[in-house]
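Heavy-atom basis, side chains included; hydrogens, waters and symmetry copies ignored. Source: prediction; values computed, not measured. Counting starts at 1 for both ligands and their atoms, following the listed order.
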Amino acid sequence: MGSFDTQHIRTIALIGQGGSGKTTLLESLLASTGAIGAAGSIERGSTVCDYDPREKEHGHSVKLAVTNITHDDTLVHLLDTPGYLDFVGQSLPALSAVETAAIVINAASGVELMTRRMMQWAKSRDLCRIIIINRIDAEEADLGKLLKDIQAEFGPECLPINLPANNSEKVVDCFFKPDGESDLMPVAEAHTALVDQVVEVDEELMTVYLDQGHITPEQLHEPFERALREGHLVPVCFTSARTGAGIDLLLNSFSKLMPNPTEGNPPQFLRGEGNAAKPLLAEPDPSKHVLAHVFKVEIDPFIGKLGVFRVHQGTVTPNTQLFIGDARKPFKVSHLYRLQGKNHVEIDRAVPGDIVAVAKVDDIHFDAVLHDSQEDSHIHLKPLDFPQPVFGLALEANRRGDEQKMADVLHRLSSEDPTLRIEHDTNLNETVLRGLGDLHLRLTMEKMEKTFGLQLSTRPPRIPYRETIRATADGHCRHKKQTGGAGQFGEVYLRIAPLERGSGFQFVDESKGGVIPNQFIPAVEKGVRSVLEAGPLSGHKMQDVKVTVYDGKHHSVDSKEVAFVAAGRKAFIDAVGKAKPVVLEPIVDIEVMAPQESIGDINGDLASRRGQVGGNDALSGGMMKLTGKVPLAELDNYQSRLKSMTGGAGSYAIEFSHYEQVPPNVQQQLVAVHKPAHQED
Ligand SMILES: Nc1nc2c(ncn2[C@@H]2O[C@H](COP(=O)(O)OP(=O)(O)O)[C@@H](O)[C@H]2O)c(=O)[nH]1
Ligand SMILES: [Mg+2]
């Protein structure tokens, strides 16, 4: 397979709501460029991207897939992503591998939850964006209204570069060769709107334009790229992956209009940790040191572990020695692959912009930075903003002796999926798997059972309650014990105060004059922190508390670490008791799609479960969309309830929103369950 220089490479991720046609669109693109013989289909389970057995079974994508096409001497790396919030652990990483995010919208259902979230995510990562309105062949599509909705929601900078014509049978260009008739508006008008928008980023060109009244496509190229980079223009195109309308124009837009790796916004690399981290500029120059980023790790049944990465700087060949992060020893690349879904082709060179894979490198992990210089260290890419996994299931291995295997498999799966979290509840000796939703956890379980042969039983989701305080209070403990010879002595005075929601924990030492010797301050903090794990009120984790130690006493012989750990712990518990402690519960955003006639029932059901309905929107095809907020604790079994309320036609998605105080009766119950077993002395 030939190699392409960086200027002739494009990197594009297809993102957006499930069902908008991303996977099918990719099939069309692959078939029309000859990368595959004929387009497969979701229905037959024959697409390049949905190759996982679980995808064929469920009929939608659940993981990130990597493909490429060649068009007009340009190599376009195309990433396909799953479109449900449950799987954003797979979708978001695609954004760190590309210059362009292509947001696909289903013409029949309009702007949906994932359209919005993915637009935000793509924007916050400074990606150039293009909107693809797909399924224009669908009868219920109202394309004029949809274009207006898109502009109202995402800004007037969303402008069509082509338009549907002949009742959506075909699509006409309004950028390169604006002529012909369209269904929506005069083609010339759309062309002028685009040029007007683009010249706004270049004052000189604007003057030329105003003087001469027109401008050549060549003059527009650079300002067009700049407008994309600055988010001053978001092109909109129309396609039908089913009839093929607009596919040729989409291909042209990808290869002629979307930025090459030297024209997009540079990736956001950082060097150093935490607040001290400094931006590091990766240059798309093949002659420099290698800088690459692993955005996907997959276990391939034939060639083992695959690490898929994007080259941002330098050139990688089979002879390159690469370091993984701060590891001391490099590995030799040996075989370098370009992926086409589950197939791979060996190549001999990857330059900035290329997306490639290496096999069987054990230490390679998600989000790792690969580089070829031993001096380079502490480099990472700006972290992705994954939602918090709050949906939980308690897991148990059915067969005795499988506990260790279950732990190993969980560890392995969570290293591939950044939105899975494993918790161990020591009080209940219970393993809790947390993820983004019902479907996410169900598919993870399926994988554990089918791929790894584990037999598991689950218990209902456990709600990650938290505790916090609402007032400032003082706490004190004089810990003194005399047992036989040496005694224990430590005394601590501290003050606690509520912090803003979500800010965590702070510990400050303001004691003066060595009343608590310096070496014992960490012991006091350790004592305090031991309470954070299981709060005194209900046994749940504490958060959003500031602890200030302001006084204390020690004894020259009897003061030791254990004494100050105990004093810190008890002084903190003493203070919490006086600081109006409360239990917090997670509140999630919910979006329900259902037939119009069942919306009344769904509304009523949510209201009776302490939910707040924010809005109802009519969609095409007799469907409605309801959005609101509801406590996670009330969503137990929601999938089956929704099914019975809608005769199987409803679906929903949730996303963690924030923590909120539980109502007094819920708090009483949680406290009552906790108290008898855990009385502090
Ligand atoms: N009518 C019509 N159906 C489409 C089109 N594109 C995709 N579909 C269908 O929409 C469904 C979802 O497509 P899929 O590619 O899985 O969407 P994804 O979830 O965004 O990847 C499948 O049944 C496709 O056959 C289109 O342009 N027109
Ligand atoms: Mg798909």
Check: [Y] and [X] side chains under 4.5 Å, non-hydrogen atoms:
X	Y	value
V588	S657	no
L75	H77	yes
I590	E655	no
L433	L420	yes

Protein contact of [atom] - nearest heavy atom, named by residue and atom, plus distance:
atom	value
atom 25 (O) of ligand 1	R242 NH2, 3.0 Å
atom 17 (O) of ligand 1	G21 N, 3.0 Å
atom 5 (C) of ligand 1	R135 CG, 3.4 Å
atom 28 (N) of ligand 1	D137 OD1, 2.7 Å
atom 16 (O) of ligand 1	I42 CD1, 3.1 Å
atom 15 (O) of ligand 1	T24 OG1, 2.5 Å
atom 23 (O) of ligand 1	E43 OE2, 2.4 Å
atom 27 (O) of ligand 1	A241 N, 2.8 Å

Report, in ascending order of atom number, the atoms of ligand 1 lying under 4.0 Å from any heavy atom of [X].
X	value
G18	19 (O)
N134	5 (C), 6 (N), 27 (O)
Q17	20 (O)
S240	27 (O)

Next item on the list: For H312, enumerate each residue passing the ring-ring contact (aromatic ring centres under 6.0 Å, His included) test, keeping only those at least two apart in sequence or located in another chain.
Entry: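 Partners of H312 under the ring-ring contact (aromatic ring centres under 6.0 Å, His included) test: F269.
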Check: By residue and atom, what protein N/O/S atoms are less than 2.8 Å from the Mg ion (ligand 2)?
Finding: T23 OG1, S61 OG
Next item on the list: Report yes or no: does N106 contribute a side-chain atom to a donor-acceptor pair with the main-chain N or O of G110 at less than 3.5 Å?
Entry: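 Absent.
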Check: Counting only heavy atoms not in K625, do more than 12 fall under 6.0 Å of its NZ?
Finding: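 Buried by this count: over 12 neighbours within 6.0 Å.
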Notebook entry, point to check: Are F309 and F295 an aromatic pair by the rule of ring centers under 6.0 Å?
Noted result: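 Judged by ring-centre distance (under 6.0 Å), F309 and F295 do not meet the cut-off.
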Notebook entry, point to check: Under a heavy-atom criterion of less than 4.0 Å, does S20 contact ligand 1?
Noted result: yes
Next item on the list: Determine, using heavy atoms of G19 and all atoms of ligand 1, whether some pair is separated by less than 4.0 Å.
Entry: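 Contact present.
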Check: Would one find an N or O of D80, backbone or side chain, under 3.5 Å from an N or O of ligand 1?
Finding: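 No; every N/O pair is 3.5 Å or more apart.
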Margin query: Using a plain distance cutoff, I'd like to know if H60 has any nitrogen or oxygen under 3.5 Å from a nitrogen or oxygen of ligand 1.
Written below: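 N/O-N/O distance below 3.5 Å does not exist for this pair.
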Check: Which of parallel (below 30°), tilted (30 to 60°) and perpendicular (above 60°) describes H58 and H60?
Finding: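 Ring orientation, 0 to 90° scale: tilted.
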Note to self: For F224 and F175, take the angle between the two ring planes, folded into 0 to 90°, and tell me which bin it lands in: parallel under 30, tilted 30 to 60, perpendicular over 60.
What the structure shows: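 Plane angle between 30° and 60°, so tilted.
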Report, one line per pair, each donor and acceptor closer than 3.5 Å where one atom sits in a side chain of residues 153-164; sequence neighbours left out.
unit_1 : atom_1 : unit_2 : atom_2 : d
E153   : OE2    : R116   : NE     : 2.5
N162   : OD1    : F238   : N      : 3.0

Under 3.5 Å, which donor-acceptor pairs link side chains of residues 31-38 to any protein atom two or more places apart or in another chain?
unit_1 : atom_1 : unit_2 : atom_2 : d
S32    : OG     : S28    : O      : 3.3
S32    : OG     : L29    : O      : 3.4
T33    : OG1    : L29    : O      : 2.9
T33    : OG1    : L30    : O      : 3.2

Margin query: Check E263 with R10, please: is the shortest side-chain N to carboxylate O separation under 4.0 Å?
Written below: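 Answer for the salt bridge query: no.
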Item checked: Approximate separation, where rounding is to 0.5 Å, of R135 CZ and I105 CD1 ->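 That separation rounds to 13.5 Å.
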